[in-house]
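Written out below as C-alpha cells is the structure these notes cover.
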Number of protein chains: 2
Amino acid sequence: MLAWSRLIRAQRAALCVVEQALKAEGLPPLEWYDVLWELERAGPLRPRDLQERLLLAQYNLSRLLDRMAEAGLVERRSCSSDRRGQFIAATKDGLKLRRRIWPVYARAIEAAIGARLGEADAEALATLLGRLYETTPAAPAASVPRGSPASSGRA
Amino acid sequence: MLAWSRLIRAQRAALCVVEQALKAEGLPPLEWYDVLWELERAGPLRPRDLQERLLLAQYNLSRLLDRMAEAGLVERRSCSSDRRGQFIAATKDGLKLRRRIWPVYARAIEAAIGARLGEADAEALATLLGRLYETTPAAPAASVPRGSPASSGRA
DNA sequence: TCATGATCGATGCAGTTGCATAGACACAGA
DNA sequence: TCTGTGTCTATGCAACTGCATCGATCATGA
C-alpha cells in the first residue's frame, strides 16, 4: 500500500526537518513543545489526558514529565479528587519557553509542509489524515494491549 | 498548521497499530521487513543506498544490519569497487521471513489505512504525501548536517 | 606521487524507549 | 467492611537511538 509507506517516510522526513531546526536553535525536542502547548490551552491536565491527546505511551510521558519538571517547565500538583493521580501544570518558565519555540517551529513546519503543498492541498491532507486516527464511534478501545501508545480513546 | 500535527499523530497511530500486530505474532519490528523488502526487489545494496531509500540514519542502519546479520537474515559482502564499502544481501532465511511477515503486515496496514479511507482517498493521500519528501530538483542536499536521517538525496 | 578533503561505515557513550511489573488508590459487589 | 478487579502513575532493566568521532578508503589537483 503506497499510502502506508509514504505516510511513514513523509512523516520521517518532515519530523527530521523540524527537529533539526529546533536543535539548531538550541531548543528542546518537539514533545516538550507539544506538552506545553496542550497545557497552555487546556489548563492543568492529568497525565492520562495528556497521554491521549499526544498519543504518547504512558511510561514515556511519565518520564518526559520528569525531565520537564526537573527543567522547571511544568509542575506536578496533587489531585484531591483522585489520590492516585495528579495534575500537570505549565510553569511561567514553561509558557515562556513555548512562546520562544513557536516561531522556529512554525518556520520549520512551513518549510516542511506549507512550502511543498500550498494552502488548499495542506487542508486536504489534514482532512485525510484526520480519518486515520479518529476513534470509530463504536470501538471499545480494546484492540491493542492496555496502556499502549495508541490505545484508548479519542486523542 | 493542522496538517502537521495530524501527520505526526496519524503516523504514530498507524505505526502503533501495525507494530502491535507484528509483535502479537512474534515477528520482528517493521524496519526489518523494510530492509528485506528493499533487498529483495533491488538485489544487494550498499548501506548508503538502503539508508536513502528507507530514510534511516546512518548509524542506525549500521546497527540494524548488525542485528539482522546476527539473526542470519542478511549478509555483508565485500565490495571490490570500493573497499570502504560493502554490499548487503538478503539470505534465504531473510527472504523466507519476509514472506512470512507480509500477510500480517498487509492485514494491519489495511486495518490502519484501507479500512478508514477506501481506495480512492488512500491514493489521494499517497499523492499528497509523496510531495512531502520528494527532493526538489535543484536542492544540493545540504540543508541539514551530513549523515542526518533525512539528508542527502532522493529517497 | 602526495597532500587535502570528502565519503563510507563502525562505535563509545549518554539519553530515550519499550516491556513488564509494582505500588497506590478507586470502585463495585458480597 | 472486605475482597477482588480495574485504573493511574512510576520504575528496573534491556534494547534502541542520537551524537560525536574514528579509521579506512576514495578522488582531486598540485
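In what follows, every chain begins at residue 1, and chains take the letters A, B, ... in the order their sequences are listed.
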Comparing A:Q86 with A:K23, nearest DNA chain D nucleotide closer to 5' gives the residue A:Q86

Between [atom2] of [N] and [atom1] of [X], the distance in whole Å:
X     : N      : atom1 : atom2 : answer
B:L30 : C:dG18 : CG    : P     : 13 Å
A:R83 : D:dA10 : CZ    : P     : 17 Å
A:D49 : D:dT9  : CG    : C1'   : 13 Å
A:D66 : C:dT17 : CG    : P     : 12 Å
A:L22 : D:dG18 : CG    : P     : 15 Å
B:L56 : C:dG9  : CG    : P     : 14 Å
A:E19 : D:dC19 : CD    : C1'   : 14 Å
B:L64 : D:dA15 : CG    : P     : 15 Å

Taking only Lys NZ, Arg NE, NH1 and NH2, and the carboxylate oxygens of Asp or Glu, determine whether B:E75 and B:R77 approach each other closer than 4.0 Å. yes

*Is B:R131 salt-bridged to A:D121, cutoff N-O under 4.0 Å?*
yes

Assign A:R63 to base, sugar-phosphate, or nothing according to its heavy-atom contacts below 4.0 angstrom with the strands shown. base

Can you check whether A:L55 reaches B:C16 side chain to side chain, under 4.5 Å on heavy atoms? no

For this session: Please test B:R46 against B:D82 for salt bridge (charged side-chain N to carboxylate O under 4.0 Å, His left out), starting from the C-alpha separation and ending with a verdict.
Result: CA-CA 10 Å; B:R46 307 268 309 246; B:D82 181 345; 3.4 Å; yes

Less than 4.0 angstrom between a side-chain N/O of [X] and OP1 or OP2 of [N], yes or no?
X     : N      : answer
B:S62 : C:dA10 : yes
A:R76 : D:dA10 : yes
B:R46 : C:dG9  : yes
B:Y59 : D:dC19 : yes

Result for 5'-nearest mapping on DNA chain C, choosing between A:N60 and B:L61, is B:L61

Between A:R67 and A:D82, the residue closer to the 5' end of DNA chain C by nearest nucleotide is A:R67

Task: Presence of donor-acceptor pair under 3.5 Å, side chain of A:R84 and base of D:dT7 - done: yes

Residues A:V18, A:Y105; criterion side-chain contact (heavy atoms from CB on, under 4.5 Å); working and verdict: CA-CA 7 Å; A:V18 171; A:Y105 192 18; 3.7 Å; yes

